[in-house]
Amino acid sequence: MTTFDVCVIGLGATGAAAAYELAARGHSVVAVEQYGISHDKGSSHGEARVLRLPYFEGAHYVPLVKRSLEKWRGIEEAIGGAPGSLFKQTGTLDIGKPDGIVRDAIQSCKEYAIEHEVLSGNQVRERFPALEGVDDAFMACYQKDGGVLHPERCVAAMVDLAKQKGARICTDTKVYSYHVTSDAPSASGAAAAGRSHAYLRKRVGKATILVNTSRGGLQCRKLVIATGAWTAQLCPDVARRAALQPERQVVGWFSNPPVPKFTPAQLPVFVIEDEGRAWYGFPSNKGEEVQEDFASDFSYAKASGPQQVDATGVKIGLYRNPHGRVTPEDVDRTPSDADIAALRPPLAKFLPEANGDVTRTTTCLFTMSRDSHFVVDRAPSFPDVVVGCGFSGHGFKFAPVVGELLADLVDDEEGVSTQYAGRHFSLERFAGDAKL
């Protein structure tokens, strides 16, 4: 049986990024996905994801999102896409009362010297006429560099690049379990390419890990688990410490008039906080000529779906459905009338002309951690098993840099990135919270 340096389980955004990063570093990589590439069962679909530099969830994320933006542009270039094929710059607007998310977004910009504008409600209406219901009780933080990621294309692009670097991709393959044993290092991967056994021991360890799948066994030296809402099945100790909880998330597209003010040229990606809830939204291409701009010759990328902003209307999501706790096995993926009604308040109040018929919906899964921040760490009982999880509904934009963090943990690299992960994303922060 071939012994791979690394096996990556899960090929959503995080796993795809890790597989690409590890393969690019010269590891022999096998990556396993229980469904197809860019599937719609997890957390990496929906045609549009926000990338914003002002970060009200915590200013410590700003250096990571800046790095991720650089890497997304590099991935777009590497895969052969035209500018805008993976990431479309629209600018971002955080809108709310002065004492909420806008305050924290502005503070994060000031802390990291990010160029931004603070707008009154009247200034928002003047500059972005689609948001005609924003009154002067509200204010906004506008930042020009953010925009929209196309999740299906992004995942497909990273998988294709991982394949180009030699990774073996196994789709429609369920992982049931893994077993860690001790063994001497083999001459696979990096050592087979001419590197020393000492180098291989440092980079891929001494353990042998046996991975049991629906298509037979795999063998590797280190394991990366990036299975999102399914994390508890393979890492119950991690799920318990971080109190991981999958949540059901419904988003919808609403018909708008075919006029320029709803297009990316005049409507940025936006977040609106009002009455204790937060919605996020995306512009529409309705009324704007849409051209295919993805030039890759790779098969997954060609099959990965339409553009980032949708011709059927403005997309709206409500961050965290209060009744959304589920498991990935029992989640109801059919949106209800109540789900749609929960998306309409920001349209009715702030974008009334876009409060038209619902044209499409989709359901995805958030996996919330105990504190709504990420987990990027080694598994408590197995240092050769590395886990990325608990991205809590705001992780997609960070996938390339999280892939770097996971690869650094695999390589036992003690650098700035692992120190950062240790400070902010380690399981140790939950030591006093969980009964282990």
Side-chain angles (χ1 to χ4, degrees), residues 13 17 47-79 81-96 101-120 123-124 126-128 130-131 134 139-151 153-154 157-158 261-273 278 280-285 288 293-294 307-309 314-315 317 319 391 393-404 420:
E47 298 181 13
R49 294 299 174 90
V50 180
L51 190 152
R52 50 189 167 83
L53 275 68
Y55 224 77
F56 53 79
E57 293 91 336
H60 62 276
Y61 284 99
V62 172
L64 292 188
V65 76
K66 290 172 71 175
R67 171 68 174 157
S68 284
L69 179 54
E70 293 174 4
K71 288 188 71 68
W72 282 123
R73 286 176 167 148
I75 290 166
E76 188 175 77
E77 181 178 358
I79 204 67
S85 54
L86 297 185
F87 169 73
K88 186 176 185 68
Q89 184 175 338
T90 66
T92 59
L93 268 176
D94 295 303
I95 302 169
I101 64 169
V102 178
R103 174 198 60 202
D104 297 333
I106 293 168
Q107 180 57 39
S108 72
C109 290
K110 290 179 177 178
E111 186 169 340
Y112 286 96
I114 297 172
E115 183 180 351
H116 67 288
E117 298 177 61
V118 178
L119 305 178
S120 68
Q123 289 171 318
V124 170
E126 288 180 351
R127 286 183 58 175
F128 310 109
L131 290 159
V134 178
M139 61 185 296
C141 176
Y142 173 72
Q143 206 287 321
K144 65 181 178 59
D145 299 312
V148 191
L149 291 162
H150 186 297
R153 283 186 177 178
C154 289
M158 291 187 290
K261 66 182 178 181
F262 292 103
T263 66
Q266 295 190 28
L267 180 61
V269 175
F270 57 88
V271 177
I272 298 176
E273 182 183 52
Y280 51 93
F282 302 84
S284 168
N285 266 341
E288 181 179 76
D293 57 4
F294 201 71
Q307 295 197 74
Q308 299 97 315
V309 286
V314 172
K315 178 184 174 183
Y319 181 68
F391 295 103
H394 62 114
F396 188 94
K397 65 183 76 64
F398 295 99
V401 76
V402 170
E404 285 186 322
Y420 186 98

Which residues satisfy the ring pair (Phe, Tyr, Trp, His ring centres under 6.0 Å) test with F391, sequence neighbours excluded? F374
Would you find more than 12 non-hydrogen atoms of other residues, nucleotides or ligands less than 6.0 Å from E77 atom CD? no
Go through the structure and list residues passing side-chain contact (heavy atoms from CB on, under 4.5 Å) with P400, not counting sequence neighbours. S68, K71, W72, I75
Can you tell if the side chain of S108 reaches within under 4.5 Å of the side chain of E111, non-hydrogen atoms only? no
Nearest heavy-atom pair of A48 and F282: which atoms, and what distance? O-CZ, 3.5 Å
Validation row: L267, K261 side chains within 4.5 angstrom (heavy atoms): no
Flag side-chain contact, heavy atom, 4.5 Å: P268 against P283: no
So F87 and V148, do their side chains get closer than 4.5 Å, heavy atoms only? no
Can you tell me if K397 and Y55 form a side-chain donor-acceptor pair at under 3.5 Å? yes
Does the ring of Y142 carry R127 above it, NZ/CZ under 6.0 angstrom from centre and within 45° of its axis? yes
Check salt bridge (charged side-chain N to carboxylate O under 4.0 Å, His left out) between E126 and all other residues, then give those that pass, not counting sequence neighbours. none
In the structure I gave you, are the side-chain heavy atoms of F398 and V65 within less than 4.5 Å of one another anywhere? yes
Assess whether a salt bridge exists between E57 and R52, defined as any Lys/Arg side-chain N lying under 4.0 Å from an Asp/Glu carboxylate O. yes
Going by the ring-ring contact (aromatic ring centres under 6.0 Å, His included) test, name the single residue among F56, Y319, Y280, Y61 that passes it with H394. Y61
Can we say E76 and R73 salt-bridge, meaning some charged N sits less than 4.0 Å from an Asp/Glu carboxylate O? no
Using a strict threshold of under 4.0 Å (side-chain N to carboxylate O), is an ion pair present between E117 and K144? no
